[in-house]
Colleague: 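For reference, the structure I am asking about is given below.
Every chain is numbered from 1, with letters handed out A, B, ... down the list of sequences.
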Number of protein chains: 2
Amino acid sequence: METLRERKKQRTRDALLRTALELFVTQGYEHTTVDEIAARVDVSQRTFFRYFAGKEDAAFFVPRLTEEHYVEAVRRRPPEETPLDALRRSVMDSWDTIEQAIESYVPVELFLRTYKMIEATPALFAARLRRQAETEEEIARIIAEREGVDPDTDPRPRLVVAVFGAVIRVAERHWSVGEDFSTTAIRELTASYLDQVGPALAGNWRAGGTRPHPAAAPSTPA
Amino acid sequence: METLRERKKQRTRDALLRTALELFVTQGYEHTTVDEIAARVDVSQRTFFRYFAGKEDAAFFVPRLTEEHYVEAVRRRPPEETPLDALRRSVMDSWDTIEQAIESYVPVELFLRTYKMIEATPALFAARLRRQAETEEEIARIIAEREGVDPDTDPRPRLVVAVFGAVIRVAERHWSVGEDFSTTAIRELTASYLDQVGPALAGNWRAGGTRPHPAAAPSTPA
DNA sequence: TGTCAACTGTCAGAGGCTGTCACTAGCCTC
DNA sequence: GAGGCTAGTGACAGCCTCTGACAGTTGACA
């Protein structure tokens with residue numbers, strides 16, 4: 001913390017953020033007005049908009065951290081790994097280390113409730129999907145560079161990333177509506193779903209009495 | 001067309017829709033106000049909101065048709081096909097028959113420009129992704145029923161549909177920014193991308209021919 | 001033709017968001 | 001350490017989307 005001015009600013013931003021998230025998760029995003037948030041922090045509505053581009057921007061403050069965290073993880077993967085391996089290990093690593101990256105801004109518990117709130121609020125859910133699309137575009141470029149291909153002529157980078165992202169989203173969706181809403185649970189769910197993509201895509205599920213339902217049982221991964 | 005009243009209503013809705021789309025594609029979605037649309041049709045702003053839930057609703061009028069068209073196509077696939085086959089043939093069929101399904105509402109050319117406008121407008125792009133997520137949920141249930149599995153315990157239906165949808169989206173994205181913006185082009189692009197998913201997922205792109213990581217690789221069916 | 005219901009316009013207002021302007025408080029220099 | 005500078009803020013006005021309420025108009029139908 002540098003000057004007094006900066007400390008004051010930081011405190012205001014922090015108060016606005018926490019108050020906003022707290023109100024969003026308790027009484028719902030749509031039923032929370034900017035006036036209300038500003039009033040609780042005892043600043044003018046105008047000031048809220050000086051710190052956040054809008055209500056939505058406040059809601060996505062923490063998710064933004066996890067996105068950056070994930071992108072950084074991908075960037076750090078050793079180049080020998082196949083694209084799919086690199087992506088898989090990146091998400092896994094991210095889920096392992098995200099908690100402490102968040103804790104310095106807001107309590108992890110508040111983050112988890114925010115996450116669920118986003119998933120349950122149509123307007124925010126849509127915004128989230130768009131953000132993910134943007135993140136995927138960035139990651140596709142990283143993968144393309146690693147592999148030494150041109151993302152504008154070779155569709156493979158965008159394809160792997162998009163397919164991988166789709167699986168992640170199905171896992172996260174399941175997670176957000178389920179009961180065990182812990183970071184351990186999402187790790188297992190993600191690993192399990194990634195293992196099941198192959199079988200799910202390959203051929204006929206009904207054929208062969210061998211494996212009627214090889215599905216739902218998640219095997220705890222390494 | 002039945003009564004005079006119904007004809008009048010239809011004419012108003014039609015005028016509002018076309019005027020809205022025309023303005024959206026020419027001067028941009030964000031720079032078009034509801035007041036402006038209403039003024040051109042010479043109705044009150046309030047009337048616009050009686051016909052459309054909002055600006056966004058008007059923008060998605062035609063895309064809604066194509067979504068329904070696609071879902072119907074999936075529903076009609078013969079049950080012997082594998083899930084992936086059914087999905088692939090459904091999109092292909094949809095693109096073959098969508099033009100005439102649209103033409104009775106708005107000119108196909110206007111639809112195509114609207115499509116591009118949605119893809120280029122962040123707010124609409126987000127809404128589009130959310131709509132697709134909802135459509136995918138519906139299709140996953142259709143697939144689950146065909147295959148006789150429970151979508152709430154078996155993740156495979158949602159996985160195939162999500163992965164398939166991801167590929168489609170990459171193809172459509174490429175289409176929307178490319179030069180050849182015809183329905184023929186999107187058909188070829190879709191087919192091509194679907195064929196490339198397998199190779200893209202499988203192993204190491206740099207190593208020639210061999211497949212060091214056969215793990216998650218699905219065998220792309222016809 | 002008169003009644004009823006549907007459709008519309010007008011008005012008022014909430015809520016998100018932006019521009020402007022003046023004022024205060026921290027910062028920095030002399 | 002006094003005064004100038006500027007970042008940060010509040011107050012106000014205004015635009016735009018969207019909704020509710022009420023009254024007027026116009027087609028439907030007996």
Colleague: For A:Arg156, what residues pass the side-chain hydrogen bond (donor to acceptor under 3.5 Å, both in side chains) criterion, not counting sequence neighbours?
Modeller: A:Asp154
Colleague: Could you tabulate the donor-acceptor pairs under 3.5 Å formed by side-chain atoms of residues 97-104 of chain A, not counting sequence neighbours?
Modeller:
from    : atom 1 : to       : atom 2 : distance (Å)
A:Thr97 : OG1    : A:His69  : NE2    : 2.7
A:Thr97 : OG1    : A:Asp93  : O      : 3.0
A:Glu99 : OE2    : A:Thr183 : OG1    : 2.6

Colleague: With a 4.0 angstrom cut-off to heavy atoms of chain A, pull out the first and last contacting nucleotide of DNA chain C, in 5'-to-3' order.
Modeller: C:dG15 to C:dC27
Colleague: Using a strict heavy-atom distance below 4.0 Å, which residues from residues 11-28 of chain B are in contact with DNA chain D?
Modeller: none
Colleague: For residues 37-46 of chain B, please give each side-chain donor-acceptor pair under 3.5 Å, one per line with the distance, not counting sequence neighbours.
Modeller:
from    : atom 1 : to      : atom 2 : distance (Å)
B:Ser44 : OG     : B:Arg46 : N      : 3.4
B:Ser44 : OG     : B:Thr47 : N      : 3.3
B:Ser44 : OG     : B:Thr47 : OG1    : 3.3

Colleague: Minimum heavy-atom separation for A:Ser176 and A:Phe181, please, with both atom names.
Modeller: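 Reported closest heavy-atom pair: CA-CE1, 3.5 Å.
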Colleague: To the nearest angstrom, how far is B:Asp57 atom CG from D:dT17 atom P?
Modeller: 14 Å
Colleague: Taking only residues two or more places apart in sequence, or in another chain, which ones meet A:Phe111 in a ring pair (Phe, Tyr, Trp, His ring centres under 6.0 Å)?
Modeller: none
Colleague: D:dG8 P sits how many Å from A:Tyr51 OH, rounded?
Modeller: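 Going from OH in A:Tyr51 over to P in D:dG8 covers 7 Å.
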Colleague: List in chain and number order the residues that pass ring pair (Phe, Tyr, Trp, His ring centres under 6.0 Å) with B:Tyr51, two or more places apart in sequence or in another chain; answer none if no residue qualifies.
Modeller: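 Checked B:Tyr51 against ring pair (Phe, Tyr, Trp, His ring centres under 6.0 Å); zero matches.
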Colleague: Can you list the residues that meet the side-chain hydrogen bond (donor to acceptor under 3.5 Å, both in side chains) rule with B:Asp96, with sequence neighbours excluded?
Modeller: B:Arg187
Colleague: Please tabulate, one pair per line, all N/O donor-acceptor pairs under 3.5 Å involving side-chain atoms of residues 14-27 of chain A, not counting sequence neighbours.
Modeller:
from    : atom 1 : to       : atom 2 : distance (Å)
A:Asp14 : OD2    : A:Arg18  : NE     : 3.3
A:Arg18 : NH2    : A:Tyr105 : O      : 3.1
A:Thr19 : OG1    : A:Ala15  : O      : 2.6
A:Glu22 : OE2    : A:Arg113 : NH2    : 3.2
A:Thr26 : OG1    : A:Glu22  : O      : 2.8
A:Thr26 : OG1    : A:Leu23  : O      : 3.2
A:Gln27 : NE2    : A:Thr32  : OG1    : 3.2
A:Gln27 : NE2    : A:Glu36  : OE1    : 3.1
A:Gln27 : NE2    : A:Glu36  : OE2    : 2.9

Colleague: Any base atoms under 4.0 Å from B:Ser44, or only sugar-phosphate, or nothing? Heavy atoms, all strands.
Modeller: base
Colleague: At under 4.0 Å between heavy atoms, how does the protein contact nucleotides 18-30 of chain D? Give one character per nucleotide, 5' to 3', with B, S or -.
Modeller: BBBB----BBS--
Colleague: Got a sec, which residues hit ring pair (Phe, Tyr, Trp, His ring centres under 6.0 Å) with B:Phe60, two or more places apart in sequence or on another chain?
Modeller: none
Colleague: Taking only residues two or more places apart in sequence, or in another chain, which ones meet A:Arg64 in a side-chain hydrogen bond (donor to acceptor under 3.5 Å, both in side chains)?
Modeller: A:Asp57
